[in-house]
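Single-structure report; data block below.
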Amino acid sequence: MQPVPELPEVEVVRRGVAAHVVGRRFGAVELYGERVARRHESGPADLAARLAQREVLAAGRRGKYLWLVLDGDEALVIHLGMSGQLLVESAELPREKHAHAIFELPGEMQLRFVDQRTFGGLQLVELVADRFGDSMVPAVITHIAPDPLEDAFDQPAVVRAMRKRHTALKRALLDQSLVSGIGNIYADEALWRTPVHGERFTDRLTARIIAETLDHAAEVMREALGQGGTSFDALYVNVNGASGYFDRSLNAYGQQGRPCRRCGTLMVREAFMNRSSHSCPHCQPRPRR
DNA sequence: CGACCATCCTGACCGC
DNA sequence: TGCGGTCAGGATGGTC
């Protein structure tokens, strides 16, 4: 199973792109279909024309957003969505069924954006000063908060902001304007480690519990990165790079029906926010109604 | 502004 | 074998 890209998976992709694309110049760029460029007002043909022959100067990331800094002070923002992949491979390989963008690279190589479910996409935007630090970020992600692995991440401020809201802790963890990079899988893992139920309200939790949960989110993402971040093939950048982590290390996500690794109680899966939450009913009791 | 839900999408899977 | 229904979930844009 291919994991949904959250922070560690996107960071693996960023590192792969940094190793194989930064410092090189695109040749022709081809986009397929309208949807990949739906955030680009002038459409895919215009976007492809603007990307052709641009040099890639750097690869940045905040949370689940990835971007390539191009010459001319612009950034190509790439979001992998639910199923996006970036591949660096031979131009001779047949085009993947769901390849939505192909960038020619020197040496008969290509950078390809492949995305089965097309929740992801590309945008070309200017870089602006970051509200949270002294770097530059793409103009379309200024509403995205720093992620827990960034220097700009201000944990006490995030805890205060969460406690001002009246919302479920898990909802807050998934809110990319409060803290970015956390998706359903790492949210469940962080909540299990604390342990705390994700439906507890943020304004009724201590600052310490919220801080610990954020610490655990950072910890579990670092662990995933440690296992997946060095495994990409020299000529193949793939979001599957972190998948080894999923085979062995999950304590909560997908563990329903199995004994809790801390107390042995059977783990449960519950519906939450039109998705699923996984938790231990003993270690993470539901809040009283 | 905050809270929260519907919506987008494709393939795997299940029951009949 | 086929077919319809269900599920997976990140981000946005809408309502209240």
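Lettering follows sequence order; numbering is per chain, from 1.
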Residues from residues 36-46 of chain A lying under 4.0 Å of DNA chain C - heavy atoms:
A/Arg39

If you group Ile, Leu, Val, Met, Phe, Trp and Tyr by side-chain heavy-atom gaps below 4.5 Å, do A/Leu127 and A/Leu124 land in one group?
no

So does A/Glu223 pair up with A/Arg193, basic N to acidic O under 4.0 Å?
yes

Quick check: A/His278 with A/Tyr253 (ring centres under 6.0 Å apart)?
yes

Please state how far atom NE2 in A/His79 lies from atom C1' in B/dC8, giving the value in whole angstrom units.
14 Å

Short side-chain donor-acceptor distance under 3.5 Å, A/Thr202 and A/Arg163
no

What about A/Tyr186 and A/Val158, same hydrophobic cluster or not, with Ile/Leu/Val/Met/Phe/Trp/Tyr joined at side-chain heavy-atom distances under 4.5 Å?
yes

Figure out the CG/P separation between A/Asp175 and B/dC5, and round it to whole Å.
14 Å

Could you state the CZ-C1' distance from A/Arg275 to B/dC9, rounded to the nearest angstrom?
14 Å

Pick base, sugar-phosphate or nothing for A/Tyr65, based on heavy-atom distances below 4.0 Å to the nucleic acid.
sugar-phosphate

Contact under 4.0 Å: A/His98 side-chain N or O vs B/dC9 OP1/OP2:
no

Quick one: is B/dC9 close enough that its OP1 or OP2 comes under 4.0 Å of any side-chain N or O from A/Ser83?
no

Would you tell me whether A/Glu270 and A/His197 have side-chain atoms, one donor and one acceptor, within less than 3.5 Å of each other?
yes

Mind checking A/Lys164 for me? I need base, sugar-phosphate or nothing, with any heavy atom below 4.0 Å counting as a touch.
nothing

Can you tell me if the side-chain N/O atoms of A/Arg171 get under 4.0 Å from OP1 or OP2 in B/dC4?
yes

Chain A on DNA chain C: first and last contacting nucleotide, 5' to 3', under 4.0 Å to a heavy atom?
C/dA8 to C/dG13

If I take atom CG in residue A/Leu169 and atom C1' in nucleotide B/dA3, what distance separates them, rounded to the nearest angstrom?
16 Å

Side chain to side chain donor-acceptor pair (under 3.5 Å) between A/Asp115 and A/His98: does it pass, once the steps are laid out?
CA-CA 6 Å; A/Asp115 183 13; A/His98 298 292; over 6 Å; no

In this structure, how many angstroms lie between the P atom of B/dG2 and the CZ atom of A/Phe201, rounded?
17 Å

Using the test side chain to side chain donor-acceptor pair (under 3.5 Å), find all partners of A/Arg275 that sit at least two apart in sequence or belong to another chain.
none

Here's a test of your reading of the structure: between A/Asn274 and A/His143, which maps to the more 5' nucleotide of DNA chain C?
A/Asn274

What pair of heavy atoms forms the shortest contact from A/Ser177 to A/Arg165, and how long is it?
OG-NH2, 4.5 Å

Roughly, in whole Å, what's the span from NZ in A/Lys170 to C1' in B/dA3?
18 Å

For A/Arg165 and A/Phe119, find the nucleotide of DNA chain B closest to each by heavy atoms; which residue's nucleotide sits nearer the 5' end?
A/Arg165

